[in-house]
Amino acid sequence: MNGHPPSGIPIEIERPEPGPHLATIEVDGREVETLADLPPLRDRLLFVGLNPSPVSVQAGHYLQGKLGRAFWGRLIRATILPPDTEIETADDALVAGGHGLTDLIKVPTPRDDASDAQLRAGVGPLWQKVAIWRPGAVVFIYKRAAEIVAARSLDEHWGQLHGVALSGRPCFLMPGPYAPTKEVDEGLNFLRNLAALTR
């Protein structure tokens, strides 16, 4: 069996408990505290960021910086999260809804400081996670992560990324953090419909 289950036997994915969601990884021979992956239920949405911010790692919850907190507000507006979701623990609500969250790379940095080469090194591990977790779709939170995975510039500002898939799963992009209101509203309506298809 070479360490793999026989064909037709489902792989059991351990679902995370409520946070904090901390993990320790080894980078260049030193231990680094980061955020643990939050796998989705099969056929639900997997949201993908760039990498954790130190403020998020300190809190033990994803996306606790200024832009990250705005992301949670958008998921509430799109009705993916309940209206009474507390931003400080919104990742727990996301997991409770069956969805998941990870980053392209797991090394925390204060801003968008990771090089393209560092981010490209995260594509293979992300592909493996998607192959194992089998989400219904992969939703990139930031365009830079989507372009690294696509290995090209993307014309899309939000929505389905045509010609981009991970392990056979379609990929989508959230509207950018500074997108015009009309674009955000259209993108969130699209995301609302996408989430409804994965229920």
Side-chain angles (χ1 to χ4, degrees), residues 13-40 45-78 80-81 84-97 99-130 132-133 135 138-150 158 166 171-179 184 187 191:
I13 305 297
E14 186 175 329
R15 296 288 292 149
E17 298 290 326
H21 304 290
L22 295 172
T24 302
I25 60 173
E26 187 174 313
V27 179
D28 297 329
R30 62 184 176 87
E31 289 190 346
V32 175
E33 191 171 51
T34 188
L35 293 173
D37 289 328
L38 304 178
L45 300 179
L46 174 62
F47 291 89
V48 179
L50 282 167
N51 66 321
S53 69
V55 69
S56 298
V57 174
Q58 184 176 7
H61 291 276
Y62 275 86
L63 298 155
Q64 293 301 304
K66 182 180 177 183
L67 296 181
R69 294 172 75 82
F71 163 77
W72 294 123
R74 287 179 173 187
L75 291 193
I76 292 168
R77 283 179 52 204
I80 291 171
L81 296 178
D84 60 348
T85 298
E86 294 183 21
I87 300 297
E88 293 78 12
T89 56
D91 51 5
D92 292 337
L94 187 73
V95 168
H99 305 297
L101 189 56
T102 189
D103 290 296
L104 193 51
I105 59 173
K106 300 306 286 183
V107 177
T109 60
R111 303 274 304 158
D112 183 9
D113 289 343
S115 70
D116 285 356
Q118 290 171 312
L119 292 171
R120 278 193 299 272
V123 174
L126 176 61
W127 188 92
Q128 290 175 335
K129 292 172 192 178
V130 172
I132 293 168
W133 297 342
V138 177
V139 181
F140 291 98
I141 300 169
Y142 302 112
K143 190 169 188 174
R144 185 171 180 218
E147 289 184 332
I148 291 290
V149 170
W158 59 268
L166 278 170
C171 293
F172 298 83
L173 176 63
M174 295 274 299
Y178 304 109
V184 171
L191 188 60

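Residue indices begin at 1 and follow the sequence shown.
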### Message
Quick one, Pro18 and Thr89 - any side-chain contact, counting heavy atoms below 4.5 Å?
### Response
no
### Query
Is a side-chain donor or acceptor of Gln128 paired with a backbone partner of Leu126 at a separation under 3.5 angstrom?
no
### Query
Which heavy-atom pair separates Ala93 from Thr85 by the least distance, and what is that distance?
CB-CG2, 3.8 Å
### Query
What are the two closest non-hydrogen atoms of Val130 and Pro135, and how far apart are they?
O-CD, 3.6 Å
### Task
Output all residues satisfying salt bridge (Lys or Arg N to Asp or Glu O under 4.0 Å) with Arg15, sequence neighbours left out; order by chain, then residue number.
none
#### Entry: side chain to side chain contact (heavy atoms under 4.5 Å, CB included) between Leu75 and Leu191, intermediate numbers included
CA-CA 9 Å; Leu75 291 193; Leu191 188 60; 3.7 Å; yes
### Query
Closest approach of Arg74 and Gly176, non-hydrogen atoms and distance?
NH2-O, 3.0 Å
### Task
List in chain and number order the residues that pass side-chain hydrogen bond (donor to acceptor under 3.5 Å, both in side chains) with Gln118, two or more places apart in sequence or in another chain; answer none if no residue qualifies.
Ser115
### Task
Not counting sequence neighbours, which residues clear ring pair (Phe, Tyr, Trp, His ring centres under 6.0 Å) with Tyr142? List them please.
none
### Heavy-atom donor-acceptor pair, Asn51 side chain to Val107 backbone, under 3.5 Å
yes
#### Entry: For Trp158, ring pair (Phe, Tyr, Trp, His ring centres under 6.0 Å) partners two or more places apart
Phe190
Donor-acceptor contacts, no H, no angles, side chain residues 19-36, under 3.5 Å, sequence neighbours left out:
unit_1: His21; atom_1: NE2; unit_2: Gly19; atom_2: N; d: 3.3
unit_1: His21; atom_1: NE2; unit_2: Asp92; atom_2: OD1; d: 2.6
unit_1: Thr34; atom_1: OG1; unit_2: Lys106; atom_2: O; d: 2.4

#### Entry: For Ser53, side-chain hydrogen bond (donor to acceptor under 3.5 Å, both in side chains) partners two or more places apart
Ser56
### Query
Restricting to pairs with a member in residues 57-68, which pass salt bridge (Lys or Arg N to Asp or Glu O under 4.0 Å), not counting sequence neighbours?
none
### Message
side chain to side chain contact (heavy atoms under 4.5 Å, CB included) for Val149 and Val48? Distances and angles first, verdict last.
### Response
CA-CA 11 Å; Val149 170; Val48 179; over 6 Å; no
### Query
Taking the side chain from Trp72 and the backbone from Asp91, do they hold a donor-acceptor pair closer than 3.5 Å?
no
### Message
Glu88: which residues meet the salt bridge (Lys or Arg N to Asp or Glu O under 4.0 Å) condition with it, sequence neighbours left out?
### Response
Arg69
#### Entry: Separation between CG of Leu46 and CH2 of Trp133, rounded to the nearest 0.5 Å
6.0 Å
### Message
For a quick test of reading the model, state the closest non-hydrogen atom pair linking Gly49 to Ala145 and the distance between them.
### Response
O-CB, 4.2 Å
### Message
One pair to check against side chain to side chain contact (heavy atoms under 4.5 Å, CB included): Leu101 and Ile141. What are the steps and the verdict?
### Response
CA-CA 10 Å; Leu101 189 56; Ile141 300 169; 3.9 Å; yes
## Note on the structure
With sequence neighbours left out, the residues meeting side-chain contact (heavy atoms from CB on, under 4.5 Å) with Ala179 are Pro175, Glu183, Val184
#### Entry: Identified side chain to side chain contact (heavy atoms under 4.5 Å, CB included) counterpart of Leu38 within the set Leu94, Val95, Thr102
Val95
### Listed partners of Phe47 passing ring pair (Phe, Tyr, Trp, His ring centres under 6.0 Å), at least two apart
Phe71
### Query
Closest approach of Pro40 and Leu45, non-hydrogen atoms and distance?
CB-O, 3.5 Å
### Task
Only pairs at least two apart or in different chains count here, so list each ring pair (Phe, Tyr, Trp, His ring centres under 6.0 Å) that has a residue in residues 106-128.
none
### Pairwise salt bridge (Lys or Arg N to Asp or Glu O under 4.0 Å) hits with a residue in residues 113-127, at least two apart
Asp116-Arg144
